[in-house]
Amino acid sequence: MFGCTGCGLCCRHIEKIVELKDYNLGNGVCKHLDTITNNCMIYDSRPNICKVDKMFDIEYHKKFSKEEFYIKNAEVCNSLQAMHKVDKSYRVEIKE
């Protein structure tokens, strides 16, 4: 399972994700993100695009190994966190 650390930044940057256009508040933030807790308010029924492991099974297994896919996702997470100066304790550990 992908090691999400719950920083919420992926949910604050959905503007380029076509599948989430109806979820965008207009500023790139998902309308279902509780911006105080960083929790998804529809977590159990969230779209597949929001589920790293599910998307691997549906689509990305054709292009990457699971390890490669996790590394790519972790690199994006960590890049967003660095850009927003999030405490390094939230970084996703990349095991290569």
Side-chain angles (χ1 to χ4, degrees):
M1 178 177 262
F2 182 70
C4 174
T5 59
C7 73
L9 285 172
C10 57
C11 303
R12 295 176 186 271
H13 291 277
I14 67 168
E15 62 275 0
K16 295 181 182 175
I17 303 171
V18 175
E19 297 90 342
L20 296 176
K21 67 178 167 64
D22 294 335
Y23 293 78
N24 189 344
L25 286 173
N27 58 359
V29 177
C30 179
K31 67 183 180 182
H32 296 292
L33 175 68
D34 179 327
T35 57
I36 295 169
T37 65
N38 286 327
N39 290 325
C40 177
M41 295 184 289
I42 61 164
Y43 187 81
D44 291 333
S45 61
R46 71 195 187 280
N48 286 337
I49 194 71
C50 299
K51 303 173 185 177
V52 173
D53 290 296
K54 183 72 167 178
M55 287 307 298
F56 176 79
D57 293 339
I58 292 171
E59 181 64 30
Y60 293 102
H61 71 276
K62 302 172 191 171
K63 300 174 184 171
F64 306 104
S65 70
K66 189 168 260 189
E67 181 179 344
E68 291 169 325
F69 188 61
Y70 282 0
I71 289 169
K72 290 190 181 303
N73 277 274
E75 288 171 347
V76 171
C77 291
N78 293 341
S79 175
L80 279 171
Q81 290 176 6
M83 183 172 56
H84 288 274
K85 298 178 175 47
V86 172
D87 187 278
K88 290 184 179 183
S89 67
Y90 279 95
R91 297 294 195 273
V92 177
E93 186 177 334
I94 299 174
K95 298 175 184 175
E96 295 186 55

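Heavy-atom basis, side chains included; hydrogens, waters and symmetry copies ignored.
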Note to self: So for atom NZ, which belongs to Lys54, do other residues, nucleotides or ligands contribute more than 12 heavy atoms lying within a distance under 6.0 Å?
What the structure shows: no
Margin query: Strictly distance-based, threshold 3.5 Å: is any side-chain N or O of Asn78 a donor or acceptor partner for the main-chain N or O of Val92?
Written below: yes
Item checked: Side chain proximity check, Leu20 to Cys30, heavy atoms < 4.5 angstrom -> no
Notebook entry, point to check: Does atom OH of Tyr90 have more than 12 heavy-atom neighbours, drawn from other residues, nucleotides or ligands, at distances under 6.0 Å?
Noted result: no
Checklist line | Short side-chain to backbone donor-acceptor contact, Gln81 and Val86, under 3.5 Å | finding: no
Check: Quick one: CG on Asn27 to CD1 on Ile14, what's the gap to the nearest 0.5 Å?
Finding: 8.5 Å
Note to self: Please check this pair: side chain of Arg12 against backbone of Leu9, looking for a donor-acceptor N/O pair closer than 3.5 Å.
What the structure shows: no
Item checked: Where Arg46 and Cys40 come nearest, the two heavy atoms and their spacing -> CB-SG, 4.3 Å
Notebook entry, point to check: Parallel, tilted or perpendicular: which fits the ring planes of Phe56 and His61, with parallel below 30° and perpendicular above 60°?
Noted result: perpendicular
Note to self: With a 4.5 Å cut-off on side-chain heavy-atom distances among I, L, V, M, F, W and Y, is there a chain of contacts connecting Val76 to Tyr60?
What the structure shows: no
Next item on the list: Check whether Phe69 and Ile71 end up in the same hydrophobic cluster, where Ile, Leu, Val, Met, Phe, Trp and Tyr are linked by side-chain heavy atoms less than 4.5 Å apart.
Entry: no
Notebook entry, point to check: If you look at every heavy atom in Lys31 and Met41, which pair is closest and at what distance?
Noted result: O-CE, 3.7 Å
Margin query: Tell me whether Met55 shares a hydrophobic cluster with Tyr23, the cluster being built from Ile, Leu, Val, Met, Phe, Trp, Tyr side chains joined at under 4.5 Å.
Written below: yes
Margin query: I'd like to know if Ile17 and Val29 are part of one continuous hydrophobic network [Ile/Leu/Val/Met/Phe/Trp/Tyr, side-chain heavy atoms within less than 4.5 Å].
Written below: no
Item checked: Result of checking Asp34, Leu33, Thr35 against Thr37 for side-chain contact (heavy atoms from CB on, under 4.5 Å) -> Asp34
Notebook entry, point to check: Does atom NZ of Lys72 have more than 12 heavy-atom neighbours, drawn from other residues, nucleotides or ligands, at distances under 6.0 Å?
Noted result: no
